[in-house]
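Hydrogens, waters and symmetry mates play no part in the numbers below; they use all other heavy atoms, side chains included. To find a chain, count down the sequence lines: A is the first, B the second, and so on, and within it residues start at 1.
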There are 2 protein chains.
Amino acid sequence: MSNTKVLPLVEPETAVEPCCPPLAERPFSAEEAERTAKMFKALGDPVRLRLFSAVAAHADGEACVCDISDVGVSQPTVSHHLKKLKEAGLLSSERRGTWVYYRVEPSVVAAMGRLLTAAAG
Amino acid sequence: MSNTKVLPLVEPETAVEPCCPPLAERPFSAEEAERTAKMFKALGDPVRLRLFSAVAAHADGEACVCDISDVGVSQPTVSHHLKKLKEAGLLSSERRGTWVYYRVEPSVVAAMGRLLTAAAG
DNA sequence: ACAAGGCATCGACGGACATCGAATCAGAGG
DNA sequence: CCTCTGATTCGATGTCCGTCGATGCCTTGT
């Protein structure tokens, strides 16, 4: 095998499902809304949105914390927000030596996008 | 002089721009993040998500408040959340006789969808 | 004009959350 | 082993926000 890439194998506590049923098909149930709202809430903070955007815009689709931590808040706060994004399933992380790298979770983000696109019409 | 009545003259609600720059192209600035986060935050609450979904799923693309207000919270709370969604530019409202109708604002929702779709790919 | 119903606003309360400094954990290197 | 640096966790604090009952506004029907 030529590819030595190591899969994270992290398995976030609650397996983040593909995401969400279509938004305009039928009214959300309380449970569906509870689950889906967490993802939107994760992006509903300016600092988290900047961090997420910084990761998404970074080359190779991943970014070290040290590369994106200049968003005007302290370093513990950056770590706190990255954890939130990870819990929401939008980011995944992997430690390689000294640094920790974060990357966008494409399937979850794409599902959120489809959810909105469907609602628009 | 007495006829120079001071009107509220509210024009700000319509100032909601098409939405947002691409997410994965470059890191968001603080201002961009501030503006965009408001929209995601609006969908980051389970009750608001249910209300939004109920409107989006309703026939003719619009729904009376009386048709969607059964989400487990009091009537003032429903009104409060609908106002938030309206302020975020995701819904618009119109009074016709006794009832008030809400409808999805397609351009804004579509822009949010594209923003995420771009980040995923 | 009056009463009734739908919806919005107000004021208050309680829980959630963003933020920070300090402490702690995890690798790399001397 | 010890130290240095990067990153997370902990504990405290101030603010924001979701929720409610009471109240007010608007429209309809009597």
Side-chain angles (χ1 to χ4, degrees), chain A residues 6 8 10 12-13 28 30 33-52 54-55 58 62-88 90-103, chain B residues 7-8 10 13 28 30 33-34 36-52 54-55 58 62-88 90-103:
Chain A
V6 179
V10 285
E13 346 201 322
F28 268 30
E34 201 79 38
R35 201 152 25 91
T36 308
K38 286 180 183 171
M39 307 185 201
F40 284 105
K41 188 183 295 184
L43 291 179
D45 179 272
V47 173
R48 282 197 292 268
L49 204 48
R50 292 188 72 182
L51 290 171
F52 183 79
V55 172
H58 209 266
E62 67 176 16
C64 168
V65 176
C66 56
D67 288 331
I68 61 175
S69 53
D70 189 19
V71 288
V73 295
S74 71
Q75 203 273 330
T77 302
V78 169
S79 190
H80 164 73
H81 284 307
L82 288 173
K83 185 180 183 181
K84 281 289 187 70
L85 287 167
K86 196 170 144 190
E87 287 173 349
L90 301 177
L91 292 180
S92 60
S93 69
E94 180 190 1
R95 178 168 212 126
R96 290 204 297 272
T98 304
W99 295 285
V100 175
Y101 293 85
Y102 281 80
R103 80 180 45 170
Chain B
L7 296 175
V10 276
E13 296 304 330
F28 268 29
E34 201 80 40
T36 308
K38 288 180 182 171
M39 307 185 202
F40 283 106
K41 187 183 297 183
L43 291 179
D45 178 272
V47 173
R48 281 197 292 270
L49 206 48
R50 291 188 72 184
L51 291 171
F52 184 78
V55 172
H58 208 267
E62 68 176 15
C64 168
V65 176
C66 55
D67 288 331
I68 60 175
S69 53
D70 189 20
V71 289
V73 295
S74 70
Q75 183 269 325
T77 302
V78 169
S79 189
H80 165 72
H81 284 308
L82 287 173
K83 183 181 182 181
K84 281 289 187 68
L85 287 167
K86 197 169 143 190
E87 287 173 351
L90 301 177
L91 293 181
S92 60
S93 69
E94 179 190 0
R95 177 168 211 130
R96 290 204 296 273
T98 303
W99 294 285
V100 176
Y101 293 84
Y102 281 81
R103 78 170 44 113

Exercise for the section: Rounded to the nearest angstrom, tell me the gap between atom CG in B:L49 and atom P in D:dG18. Expected result: 13 Å
Exercise for the section: Using atom types as modelled and distance alone, determine if a side-chain donor or acceptor of A:R48 lies under 3.5 Å from a backbone N or O of A:K41. Expected result: yes
Practice task
Mind calculating the distance between CG (B:D45) and P (D:dC16) to the nearest angstrom?
Solution key: 18 Å
Exercise for the section: Verify, without hydrogens or angle tests, whether A:T77 (side chain) and A:V73 (backbone) share a donor-acceptor contact under 3.5 angstrom. Expected result: no
Problem - Contacting residues from residues 77-85 of chain B, given that a heavy atom lies under 4.0 angstrom of DNA chain C - result: B:S79, B:K83
Handout entry: Along DNA chain C (nearest heavy atom to each residue), the more 5'-positioned of A:S74 and A:K41
Key = A:K41
Practice task
Check side chain to side chain contact (heavy atoms under 4.5 Å, CB included) between B:A42 and all other residues, then give those that pass, not counting sequence neighbours.
Solution key: B:L85, B:A88, B:L90
Fill in the blank from the handout: Its contact letters, B for base, S for sugar-phosphate only and - for none at protein heavy atoms under 4.0 Å, make nucleotides 22-30 of chain C read B----SS--
Problem - Ring-face cation contact, B:Y101 with B:R96, 6.0 Å cut, 45° max - result: yes
Completion exercise
To the nearest angstrom, the CH2-P distance between A:W99 and D:dT5 comes to 13 Å
Exercise for the section: Using the salt bridge (Lys or Arg N to Asp or Glu O under 4.0 Å) rule, collect all pairs that involve residues 67-85 of chain B, keeping only residues at least two apart or in two chains. Expected result: none
Practice task
With the side chain of A:Y102 defined as its heavy atoms from C-beta on, choose the nearest nucleotide among C:dC7, D:dT8, D:dA7.
Solution key: D:dT8
Handout entry: Spacing of A:Y101 atom OH relative to D:dA7 atom C1', expressed in whole Å
Key = 13 Å
Handout entry: Atom pair distance, as rounded to whole Å: CD in A:Q75 and P in D:dT9
Key = 11 Å
Practice task
Mind calculating the distance between CD (B:E94) and C1' (D:dT27) to the nearest angstrom?
Solution key: 15 Å
Completion exercise
What residues 63-73 of chain A contributes to the DNA chain D interface at heavy-atom separation below 4.0 Å is A:C64, A:V65, A:C66
Fill in the blank from the handout: Scanning both residues in full, the closest heavy-atom pair of A:I68 with A:L51 reads O-CD2, 3.4 Å
Problem - A:V55 vs A:E62 side-chain heavy atoms within contact, under 4.5 Å - result: no
Exercise for the section: Taking the side chain as every heavy atom from C-beta outward, state whether A:K38 and A:E87 have any pair of such atoms under 4.5 Å apart. Expected result: no
Exercise for the section: Over all heavy atoms of both residues, which pair between B:V100 and B:S93 is shortest? Give the atoms and the distance, please. Expected result: CG1-CB, 4.2 Å
Problem - Which atom of A:F28 lies closest to which atom of A:T36, heavy atoms considered - result: CE2-OG1, 3.6 Å
Problem - Counterpart residues, side chain to side chain donor-acceptor pair (under 3.5 Å), relative to A:H58 (two or more places apart) - result: none
